[in-house]
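For reference, the structure discussed in these notes is given below.
Values below: every heavy atom of this structure, side chains too, minus hydrogens, waters and symmetry copies. Computed from a predicted model, the values in this text were never measured in an experiment. Naming convention: chains lettered A, B, ... in sequence-line order (proteins, then strands); numbering from 1 in each chain.
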Amino acid sequence: MEKLLIVDGNSILNRAYYGIRILTAPDGTPTNAVYGFLNILYKYLEEEKPDYLCVAFDVKAKTFRHKMYDLYKAQRKPAPEDFLAQIPLIKEVLAAMNCACIEKEGYEADDLIGTVSLLCEEKGIECRILTGDKDDLQLASENTVIKLVVTRMGQTTTTDYGRQEVEQKYGVTPEEYIEVKALMGDASDNIPGVKGIGEKTAFSLIQEYKSIDAIYDRLEELNVSPSVRKKLTEGQSNALLSKKLSVIDRHVPLDYDFASFRIQKPNLSVLRPLFLRLNFQSFLRRLPAETAGEDNGIEKIHAELKRIEENRLSAILKPDEHWSYVLDWKEGAPALYFTADGKTVFGVSDISRAGLQTFFSDADIWKCGYNVKEDLLKLHNLDIQFCGIGFDIMLAAYLAEPTRSGYDLGTLCSAYLHVQLEDAALHVEEDGQLTMDFGSGNKENRQIVADRVSAVFALHSYFAEKLEKDGQHTLYYDIELPLAEVLADMQETGVYVDKEALSQFGKTLSERITGLTSEIYEQADEEFNINSPKQLGVILFDKLKLPGGKKNKNGYSTNAEVLGRLAGKHPVIDLILEYRKLTKLQSTYVEGLLPMIDLKTGRIHSNFNQTVTATGRISSTEPNLQNIPVRTELGREIRRMFIAEGDRCLVDADYSQIELRVLAHISGDKTMQEAFVNHLDIHAQTASQVFGVPIEQVTPAMRSRAKAVNFGIVYGIGAFSLAQDLHIPIKEADAYIKGYLQHYPLVDAYMKKTVEDARTNGYVSTLMGRRRYMPELRASNRNVQAFGERVAMNAPIQGTAADIIKAAMVRVYARLKSEKLKSKLILQVHDELIVEALPDETDRVKQILREEMENACKMNVPLEVDLHSGKSWFDTK
DNA sequence: TCGACCTGCAA
DNA sequence: TATTGCAGGTCGA
């Protein structure tokens, strides 16, 4: 038996719109609903494998229902703009897929669906209706199944309703379902129903009497309460009207030939460019592979590969050329591919160390790569210097769009050049490495790599120009690009760890954890998994009956804040808090760090990522060395294990209040600037302002509150959260914020202006021209918008601070190098730099750190650096 | 085995 | 209903 799938276009698009986070094409077109729609469509095409497919849409014009009842759907709020914009877009996509879209003036999608499903019944074709709207349940039959879509937490699921399922679930037949709806009405469509009759009564009435007509035929005999009878009497005309409105018209004169619903192949020459434009990578991958000679209108990257012998390298490499390259390790031994024109790619397989040196160690040979930091590390393993770094595609793409989730070459080609890098979909890139399945049918590795070199070349032209146009030249060439080398060096150097001491600390923790575990079991009077918040919640709130009910969707919340409020109510609480503290240290910082210690060097080589954060900060992984405990006494012990090797020492330099200084500078607020210019205690100063007392009368409590406000302001805090943070009434918190903005009026003005600028420009910028695009501000969801506003206020501050410390790192690195010091920069923790210094260089290193950090950026307020040194990180406080 | 979720660590 | 990150554990698909 053949099968047809008909989709309620508006309904599914709507579900997709609200179910999916904000998503935009590179040109700013909102695409989340279209993306979600296609995901749902593809999913059910695969699941149902229909022979026919069509998508029904509503038409804007009034329908016969409006003529019947002019209030029909009258209360509907107009859909958000970025939703409406996607309706023509999905139709464009469906047209390119050669999928029939049907619509008819005067009718709704439901009527078309009803008509098509009836046609199916007549033709003996199975019909599946994909919709988010329960109204269609009236169409269910043995042959017609409604697939009702529910989107929850990003997941799409459907429940299938045939005749049986409707009867089972609702206790009425599909035909009777219309009667129920007519009785109870439908607020969303403004169908009146009978006033006072709700869902329950409507269902029981229809279950008993089957139809509205039957009810009114024998109204006086009905076995109902007088009040229900009264309501029915008064609502008779509304009931009849509602039924007319609710019933789907299954006899719409269709202007479409049923045969045109038969599934056809997509029009690739239209669909592929469209998906490229929308940057739908996952859908591009679904499209059938191109056959040879097929002209699909898309330019493909293709390089002519010339394999050469290593001894010809010097002859080919002219220093006045710009060389785009890829260093490939796929075939076991390194291979070098490079091009000067993007068309001819030279390839040297099995290249020797000397060959690599010819290319990489010559500063006169200008080189453009992709993820240069990785190449630096690989070459350093062979003890080869990498000089003449001219450009890095990945870093440029990061500046162009720091919120991207990844920067693989194929994606960048489609997103920015609208050109396809062939086989891009078949391989996965990790840290810029090419890993792929060389199964049959693929092009051979060499050609793929050659094409990648060509892509690097093309992207360089594009991004070099874009950086100029966007005013990011200095940020790129003076900060990000040289920083790659600094980070590679830091990664390579690593930080020395006292493995024995760390292990010993772990043993001590283990003993205490064992003891705590049995104490907790004793108090709970049973054994359970303390690490499971779910089980813990049951113990605390069900078994021990502690107050403080549910919070999250899995049940009870048991985080430190909740437990803290419970402290004193039961002895187990303190034990659990202690248990949590110790197991955190044990699992994350002892068991997590120990295996990361390089056996040869005794050091941990964390990965410093340059293209991860939305604001310009660096991130650290495997392990993350930017979140080593410091706030609690016991946690801080971990820092004793990070030590300088041999007779060296650690020098720690951290910026004092860098974000507030940035705020004082970019807002232009004189009061705040003065505090910094005069080297005053900014939190005490703020307290004095907000509480209206002289500075010498500021109590520690006042200062600590002011400090919280200072922090909060930077994050775009609201009164609610400040109140929660400080455990004070919202009103009071609100007064603090108001007072703050009153005393720092230009901070207030800055916040407002930044958000306004972000709305008009679509992005915010840091002092050095780093951007963050803010599509959130154009979202229809209030929460998303409010989030966007906070981000708009915070990103320039956090981002400028990131710019500054990055500049400082480049300067410190250059100074250490130019002064031929052996001391090494080893860590960066957002506002803090750590150098492992030789004994006779320590004083010089301190001087360099202070000079280069304090002068990294000229602002209207001074930058101040606190310096400490010691044998371990613990000692540098 | 993988992803969602909760929790907690840092600036 | 405060920004930016990373990671470990549990639990269910």
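- Protein atom CD1 of A/Ile797 is 13 Å distant from nucleotide atom P of C/dT3, rounded to whole Å.
- Counting non-hydrogen atoms of other residues, nucleotides and ligands closer than 6.0 Å to NZ of A/Lys543 gives a total above 12.
- Applying a 4.0 Å cut-off to non-hydrogen atoms, none of the residues of residues 782-794 of chain A approaches DNA chain B.
- Residues meeting the side chain to side chain contact (heavy atoms under 4.5 Å, CB included) test with A/Asp498, sequence neighbours left out: A/Glu500, A/Ala501, A/Ile643.
- Atom CG of A/Leu827 is separated from atom P of B/dA11 by 13 Å (rounded to the nearest Å).
- Under the rule for a side-chain hydrogen bond (donor to acceptor under 3.5 Å, both in side chains), the partners of A/His743 that lie at least two apart in sequence or sit in another chain are A/Gln689.
- Here C/dC6 is the nucleotide among C/dC6, C/dT3, B/dA10 with the atom lying nearest to any side-chain atom of A/Asn609.
- Looking at A/His830 and A/Gln828, their side chains come closer than 4.5 Å, going by heavy atoms from C-beta outward.
- A search for side chain to side chain contact (heavy atoms under 4.5 Å, CB included) contacts involving A/Glu591 returns A/Gln586, A/Ser587, not counting sequence neighbours.
- At the heavy-atom level, A/Arg636 lies nowhere under 4.0 Å from the strands shown.
- Set against B/dT7, B/dA10, C/dT4, the side chain of A/Ser557 has B/dT7 as its closest nucleotide.
- Rounded to an integer number of Å, the gap from A/Tyr715 OH to C/dG5 P is 12 Å.
- The base of C/dC6 is not paired with the side chain of A/Asn624 by any donor and acceptor separated by under 3.5 Å.
- In this model, no side-chain donor or acceptor of A/Gln798 finds a partner on the base of C/dT4 within 3.5 Å.
- Among the atoms of the strands shown, only primed sugar atoms or phosphate atoms (P, OP1, OP2) are found under 4.0 Å from some heavy atom of A/Ala560.
- Not a single donor-acceptor contact under 3.5 angstrom links the side-chain atoms of A/Arg631 to the base of B/dA10.
- Residue A/Ile576 contributes atom CD1, which lies 16 Å from atom C1' of B/dG8 at whole-angstrom precision.
- The list of salt bridge (Lys or Arg N to Asp or Glu O under 4.0 Å) pairs with a residue in residues 578-590 of chain A, not counting sequence neighbours, reads A/Arg512-A/Glu578.
- Listed by residue number, the members of residues 579-592 of chain A with any heavy atom below 4.0 angstrom from DNA chain C are A/Ser587, A/Thr588.
- Take A/His605 and apply the side chain to side chain contact (heavy atoms under 4.5 Å, CB included) test, not counting sequence neighbours, and it matches A/Asp598, A/Thr601, A/Arg603.
- The distance between atom CZ of A/Phe528 and atom P of C/dG9, rounded to the nearest whole Å, is 17 Å.
- Contact annotation for A/Gly712: base contact, defined as any heavy-atom pair under 4.0 Å involving a base atom.
- When the nucleotides B/dA11, C/dA7, B/dC9 are ranked by their closest atom to the side chain of A/Thr621, C/dA7 comes out on top.
- Closest contact between the side chain of A/Arg617 and the listed nucleotides C/dC11, C/dG5, B/dA11 involves B/dA11.
- Ring pair A/Phe642/A/Tyr496: centre-to-centre distance not below 6.0 Å.
- With C/dG5, C/dT4, C/dT1 as the candidates, the nucleotide lying closest to the side chain of A/Arg772 is C/dT4.
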Donor-acceptor list for residues 724-733 of chain A side chains, cut-off 3.5 Å, not counting sequence neighbours:
from: A/Glu732; atom 1: OE2; to: A/Arg705; atom 2: NH1; distance (Å): 3.2
from: A/Glu732; atom 1: OE2; to: A/Tyr736; atom 2: OH; distance (Å): 3.0

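- Taking the side-chain hydrogen bond (donor to acceptor under 3.5 Å, both in side chains) definition, one finds that A/Glu789 meets it with A/Arg759, sequence neighbours left out.
- Take A/Tyr521 and apply the side chain to side chain contact (heavy atoms under 4.5 Å, CB included) test, not counting sequence neighbours, and it matches A/Thr517, A/Glu527, A/Phe528, A/Ile530.
- Listed by residue number, A/Lys534, A/Gln535 are the residues of residues 533-544 of chain A with a heavy-atom contact under 4.0 Å to DNA chain C.
- Evaluation of the ring-ring contact (aromatic ring centres under 6.0 Å, His included) rule for A/Tyr476 yields A/Phe391 as partners, not counting sequence neighbours.
- The separation between A/Tyr398 atom OH and C/dG5 atom C1' is 11 Å, rounded to whole Å.
- Residue A/Ile628 is classed as a sugar-phosphate contact, given heavy-atom separations below 4.0 Å to backbone atoms only.
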